[in-house]
> 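Sharing a structure here in structure tokens format.
This is a predicted model, so every value here is computed, not measured. In listed order, ligands and their atoms are each counted from 1.
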Amino acid sequence: MLYHLLFPLSKYYSVFNVFQYITFRTIYALITALLLSLILSSYVIKRVGSLRIGEVVRQDGPPGHISKEGTPTMGGIAMLIALIGSTVLWVNLRNPYIWPLVLLTAGMGVIGFMDDYRKVIKKRREGLSAKTKLALQLLISFLVVMYLYLGQFDTIVTVPFFKDVRIDMGWLYIPFAVFVIVGASNAVNLTDGLDGLATGPMIIAAATYMLLVYVTGHARIADYLQVLYVPSVGELTIFAGAMVGASMGFLWFNTYPAQIFMGDVGSLSLGGGLGALAVITKHELLLALVGGIFVIEALSVIFQVTSFRLRGRRVLLMAPIHHHFELKGWAEPKIIVRFWIIAIILALIAISTLKLR
Ligand code: 57M
């Protein structure tokens, strides 16, 4: 919005020229989202606290979690408003990719909200059924991917570390992209089980995409690094920056000991947004590295459930894997910070693929 209002003034005052630069707008989108997220999160903490509608903790979980009962939740609403508000403020709203990305993120947020609403406000322990949740996620992702596909979207998938391997998936790209988006959304949701455990790697992943998206949308840099150039995509750097800011503002309160949880409204939307960002910017496979912690968490659940069903035995003391370390006696902050360290290393390896080809 500011872009449309202020950049035209550069004809009269050259200082407004700065609004054409993606880097400038990304930095201020990050700061705007950070401030909005800080203000809104503290409002949610007060409001939800006074309404006494906090988290309902499962009784069969690690014993340390019982004391978390009643923690204000659904803080994802604050993050989502900060992310979308700041994006709309700083981005060029005529960009063809911004609306599908924003609508997908908001749509996933609505699904998460429906689930949280049932659990937290209606006090129904089970929330939305897993099947309904998945069906709605698939539907939203399918609509967005179809919109891209029909708009002549490139169905080529590049493989990290191999610059010459470019696979044109044709129509198979549709289920593939839907899988990336829905997988990311659910993997972030599974990770969100310790204070700041999902928020930290979310900041790291969004910051990494900030760089990757900028490179992908910049014809000269993309050519120099031999990255697939996607015209118009550079503008999404601003969305990634707002994602970093919104998550940082939330982490201020979500860090151990958490004063607020994000709820499914936060985890499903941010995860879905990250997945869609990876798809639109043609860095789909790299997401497995950039969001490596989310992948590890999801795989730990898949292995545990498969092993339990097939062999009647557990691989881990409890899934997802962060519960395993809790039951082994690791202190919660130790697990969280160690997972963050792994997330940083994986993100750095992902960035190195820009050169390592
Ligand atoms: C939701 N939600 C947290 C909070 C957060 C298939 C199965 C493995 C799925 C998995 C599952 O349901 N995972 C997704 C995880 C919950 O957090 C709420 O949910 C939102 C995110 N969706 O924002 O609102 C609890 O996590 C803790 N928490 C924090 N700090 C935070 O910043 O401490 C969350 C955020 C909160 C709080 O305690 O209440 C959750 O864990 O429920 N299921 C499981 O994770 C269960 N695992 C399981 O059943 N494993 C089995 C295998 C065979 C399937 C096994 O290993 O035996 C465990 N979850 C819990 N207790 N809580 C089982 C025991």
Side-chain angles (χ1 to χ4, degrees), residues 41 44-45 48 53-80 108-109 111-121 125-131 133-134 137 184-203 247 250-272 294 296-328 331-333 335-336 339-340:
S41 299
V44 173
I45 293 171
V48 173
I53 44 168
E55 177 80 14
V56 185
V57 175
R58 292 170 51 151
Q59 299 300 312
D60 55 352
H65 284 250
I66 305 295
S67 61
K68 293 172 186 258
E69 178 90 23
T71 305
T73 185
M74 295 166 87
I77 297 175
M79 268 198 283
L80 210 48
M108 290 288 190
I111 301 172
F113 179 84
M114 283 156 65
D115 192 34
D116 289 336
Y117 183 81
R118 281 171 175 245
K119 276 195 247 174
V120 180
I121 298 174
R125 186 162 287 274
E126 61 297 345
L128 270 188
S129 81
K131 270 191 198 147
K133 218 153 90 173
L134 185 64
Q137 286 178 305
S185 178
N186 287 320
V188 173
N189 187 29
L190 288 172
T191 309
D192 190 27
L194 294 181
D195 301 352
L197 188 69
T199 323
M202 196 67 218
I203 295 171
S247 309
F250 181 72
L251 185 61
W252 190 270
F253 301 105
N254 180 231
T255 190
Y256 182 85
Q259 293 163 269
I260 188 168
F261 298 155
M262 66 174 84
D264 280 24
V265 57
S267 56
L268 295 185
S269 59
L270 287 191
F294 305 130
I296 293 168
E297 291 271 2
L299 286 179
S300 76
V301 170
I302 293 169
F303 283 130
Q304 179 89 331
V305 175
T306 314
S307 160
F308 194 69
R309 291 223 176 117
L310 296 182
R311 307 185 306 152
R313 266 195 281 154
R314 290 185 164 83
V315 193
L316 301 165
L317 294 175
M318 193 188 274
I321 196 165
H322 52 263
H323 287 321
H324 174 80
F325 293 114
E326 275 190 292
L327 293 181
K328 278 195 142 248
E332 186 173 341
I335 306 172
I336 298 160
F339 275 45
W340 288 356

> Indicate yes or no for a side-chain donor-acceptor contact from T255 to the backbone of L251 under 3.5 Å, with no hydrogens or angles considered.
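Answer holds: no.
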> Looking at K68, is its backbone amide N or carbonyl O close enough to the side chain of E55 to form a donor-acceptor pair, meaning the two atoms are under 3.5 Å apart?
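Side chain of E55 to backbone of K68, a donor-acceptor pair under 3.5 Å: no, none is there.
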> Among all residues two or more places apart in sequence or in another chain, which pass the salt bridge (charged side-chain N to carboxylate O under 4.0 Å, His left out) test with K119?
D115
> According to side chain to side chain contact (heavy atoms under 4.5 Å, CB included), who are the partners of N186, at least two apart in sequence or on a separate chain?
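Per chain and number, N186 pairs via side chain to side chain contact (heavy atoms under 4.5 Å, CB included) with L134, Q137, V182, L268.
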> Which ring-ring contact (aromatic ring centres under 6.0 Å, His included) pairs, counting each pair once, include a residue from residues 58-77, with sequence neighbours left out?
H65-H323
> Among T191, L316, V315, I335, whose side-chain contact (heavy atoms from CB on, under 4.5 Å) with I321 holds?
L316
> For ligand 1, give me the residues whose heavy-atom distance to it is below 4.0 Å, by chain and number please.
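Those residues closer than 4.0 Å to ligand 1 by some heavy atom are E55, V57, R58, D60, G61, H65, K68, T73, N189, L190, D192, G193, L194, D195, G196, N254, F261, M262, G263, D264, S267, V301, Q304, V305, R314, M318, A319, P320, H323.
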